[in-house]
Amino acid sequence: MKQRLIVDSGSTKCRWISITAGGVESSDTPGFNPALLSDSDIAATFLAGAPTRCRATGYDQVWIYAAGCRSAREESALTAAALALWPGAEVHSASDMLGAARAVCGHEPGIACILGTGSNCALYTPSRGIVASTPPLGYVLGDEGSGADIGKAIVNRVLKRLWSKELCDRFLSDTALSQDSIIEKVYRSPEPNRFLASLTRWAAANISSPEVDALVTERFRAFIRHNIRPLSPAPELRAGFVGTVAAVFERQLREAAAGESLAISCVEASPEPLLIRFHSSL
């Protein structure tokens, strides 16, 4: 069998998935975003992050999916870095969106969606890859249905007292937050999107509350309306979702999809098992 390496990197975490005759092994290292790095820094970061076990393996194929890999420059720099370690390998570099699409759609056309800290979606065909996508625009201007978006909506309801007093007070007590501390974390601290996304843990613990349930469902409907519908997908295409937020709130996601007449093919927390299956079939 061919020996394959799949590198799936976000800005925070990079997963190295080694598929050899000995089986499948995975390990994590700090992530990277090639869009924010020079070519030399991309090479240095990739080479420094590669696990020792992977360095010692002679791979036939290396597939790299990275957040921020949006142009030929990033693709070329990542490919060159991989070839420095595995000069005889067939190397392919692409965006994490393509990785998600191959995971949830496999060898069929479909709609690939990511719902994690941020959100994203694209139309995919096996022959052409990503054929159209809606710009996610980040947690300030977009990212509907993401963890950050749900967290932002929760804070809005609590601080403006749009929910019942009991539920608002419960949120502030459970999280040990106040209006001042929330403002500090959102406007004066690094990575406010991650802080907002962390509030989905409270939402999951309180999803039995009708108000919380309705909020999560509505943010998913907003994701479908603002991101999938502008792509004008063919009616027969189904949407596959990957990401922790999608998996944790799968019931609400399926309810939102039904309300928007969108068929769902799968909902997975991680693309890893599906990517392994996809690349093992090549």
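This chain uses plain numbering: 1 for the first residue, then up along the sequence. Keep in mind that this is a model prediction, so the values were computed, not measured.
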S.K.: Indicate whether the side chain of D41 and that of S38 have a donor and an acceptor atom separated by less than 3.5 Å.
M.R.: yes
S.K.: How far apart are the closest heavy atoms of I150 and G145, and which atoms are they?
M.R.: CD1-O, 4.0 Å
S.K.: Taking NZ, NE, NH1 and NH2 as the nitrogens, is one of them in E90 or K2 under 4.0 Å from a carboxylate oxygen of the other?
M.R.: no
S.K.: Quick one about T29 and W16 (side-chain donor to acceptor, distance below 3.5 Å, no hydrogens or angles considered), yes or no?
M.R.: yes
S.K.: Check for me, please, whether L115 and L137 land in the same ILVMFWY cluster - side-chain distances under 4.5 Å, paths through other members count.
M.R.: yes
S.K.: Using every non-hydrogen atom in the two residues, find where C105 and I111 come nearest and quote the distance to one decimal.
M.R.: SG-N, 4.0 Å
S.K.: Looking at F195, is its backbone amide N or carbonyl O close enough to the side chain of S198 to form a donor-acceptor pair, meaning the two atoms are under 3.5 Å apart?
M.R.: yes
S.K.: Before giving the answer on side-chain contact (heavy atoms from CB on, under 4.5 Å), spell out for L47 and L85 the whole-Å C-alpha distance, their side-chain angles and the decisive distance to 0.1 Å.
M.R.: CA-CA 8 Å; L47 295 173; L85 288 177; 3.5 Å; yes
S.K.: Counting heavy atoms not belonging to R238, are there more than 12 under 6.0 Å from its CZ?
M.R.: no
S.K.: With sequence neighbours left out, what residues match E191 under salt bridge (charged side-chain N to carboxylate O under 4.0 Å, His left out)?
M.R.: R194
S.K.: Check whether the side chains of E144 and S119 place a donor and an acceptor atom closer than 3.5 Å, and report yes or no.
M.R.: no
S.K.: Would you mind telling me which of L159, L196, T175 makes a side chain to side chain contact (heavy atoms under 4.5 Å, CB included) with I182?
M.R.: L159
S.K.: Please step through side-chain contact (heavy atoms from CB on, under 4.5 Å) for the pair L275 and Y65, ending with a clear verdict.
M.R.: CA-CA 11 Å; L275 273 178; Y65 300 108; 4.1 Å; yes
S.K.: Determine the minimum heavy-atom distance between L199 and I154, stating which atoms define it.
M.R.: O-CD1, 4.0 Å
S.K.: State the OG1-CD distance between T57 and Q3, to the nearest 0.5 angstrom.
M.R.: 6.5 Å
S.K.: Taking the side chain as C-beta and beyond, is there a heavy-atom pair between S164 and L167 under 4.5 Å?
M.R.: yes
S.K.: Checking side-chain polar atoms at under 3.5 Å, does E211 have a donor or acceptor matched by the opposite partner on S209?
M.R.: yes
S.K.: To check you understand the geometry: which heavy-atom pair defines the closest contact between A256 and F220, and what is its length?
M.R.: CB-CB, 3.6 Å
S.K.: Does a donor on one side chain and an acceptor on the other come within less than 3.5 Å for S178 and S181?
M.R.: yes
S.K.: Under a 4.5 Å cut-off applied to non-hydrogen side-chain atoms, are F46 and C14 in contact?
M.R.: no
S.K.: Indicate yes or no: at least one non-hydrogen side-chain atom of L215 is less than 4.5 angstrom from one of E218.
M.R.: no
S.K.: Do other residues, nucleotides or ligands put more than 12 heavy atoms under 6.0 Å from the CZ atom of R161?
M.R.: yes
S.K.: Using side chain to side chain contact (heavy atoms under 4.5 Å, CB included) as the criterion, point out the one residue from S95, S93, C69 that pairs with P34.
M.R.: C69
S.K.: Would Y59 and S18 count as having a side-chain donor-acceptor pair, cut-off 3.5 Å?
M.R.: yes
S.K.: Check the hydrophobic clustering (I, L, V, M, F, W, Y; side-chain heavy atoms under 4.5 Å; chains of links allowed) and say if V104 and V267 are grouped together.
M.R.: no
S.K.: Find out whether R157 and F171 are in side-chain contact, i.e. whether some heavy atom of one side chain is under 4.5 Å from a heavy atom of the other.
M.R.: no
S.K.: Donor-acceptor pair, W86 side chain versus C54 backbone, under 3.5 Å?
M.R.: yes
S.K.: Are I228 and T134 close enough that some pair of their side-chain heavy atoms sits under 4.5 Å apart?
M.R.: no
S.K.: Do M97 and F241 land in one hydrophobic cluster if side-chain heavy atoms of ILVMFWY residues count as linked below 4.5 Å?
M.R.: no
S.K.: Can you classify the ring geometry of H279 versus W63 as parallel (below 30°), tilted (30 to 60°) or perpendicular (above 60°)?
M.R.: tilted
S.K.: Taking the side chain as everything from C-beta on, heavy atoms only, tell me whether K13 gets closer than 4.5 Å to P30.
M.R.: no
S.K.: Tell me, do E74 and S71 make a side-chain contact under 4.5 Å, heavy atoms counted?
M.R.: yes
S.K.: Distance check, rounded to the nearest 0.5 Å: R128 atom CZ versus T125 atom OG1?
M.R.: 5.5 Å
S.K.: Under 4.0 Å between a side-chain nitrogen and a carboxylate oxygen: does that hold for R15 and D28?
M.R.: yes
S.K.: If you round to the nearest 0.5 Å, how far is CD1 of I19 from CD1 of I6?
M.R.: 4.0 Å
S.K.: Does a salt bridge link K165 with D169, judged by any charged N lying under 4.0 Å from a carboxylate O?
M.R.: yes
S.K.: Linking I/L/V/M/F/W/Y whenever their side-chain heavy atoms sit closer than 4.5 Å, directly or via other members, would L237 and L274 fall into one cluster?
M.R.: no
S.K.: Between R251 and D213 (salt bridge meaning N to carboxylate O under 4.0 Å), is one present in this structure?
M.R.: yes
S.K.: If only atom types and distance count, is the side chain of S146 paired as donor or acceptor with the main-chain N or O of D143 below 3.5 Å?
M.R.: yes
S.K.: To the nearest 0.5 Å, what is the distance between CG (L253) and CZ (R219)?
M.R.: 13.5 Å
S.K.: For the atom pair CD1 (I64) and CG (D8), what is the distance rounded to the nearest 0.5 Å?
M.R.: 11.5 Å
S.K.: Might you point out which heavy atoms bring F278 and H107 nearest each other, and give the distance in Å?
M.R.: CE1-CE1, 3.4 Å
S.K.: Determine the minimum heavy-atom distance between F249 and T200, stating which atoms define it.
M.R.: CZ-O, 3.6 Å
S.K.: Starting at CG of N120, measure out to CG of D96 and round the result to the nearest 0.5 Å.
M.R.: 7.5 Å
S.K.: Do D39 and R73 pass the side-chain contact (heavy atoms from CB on, under 4.5 Å) test, and can you show the C-alpha distance, the side-chain angles, and the key distance before you say yes or no?
M.R.: CA-CA 8 Å; D39 289 1; R73 181 193 77 87; 2.5 Å; yes
S.K.: Going through the checks in order, is the side-chain contact (heavy atoms from CB on, under 4.5 Å) test met by Q61 and L5?
M.R.: CA-CA 6 Å; Q61 295 178 333; L5 175 68; over 6 Å; no
S.K.: Quick one about R4 and S280 (side-chain donor to acceptor, distance below 3.5 Å, no hydrogens or angles considered), yes or no?
M.R.: no
S.K.: Following the transitive rule for hydrophobic clusters with a side-chain heavy-atom cut-off under 4.5 Å over Ile, Leu, Val, Met, Phe, Trp and Tyr, establish whether L162 and V186 coincide in one cluster.
M.R.: no
S.K.: Measuring only between side-chain heavy atoms, which start at C-beta, is R229 closer than 4.5 Å to I224?
M.R.: yes
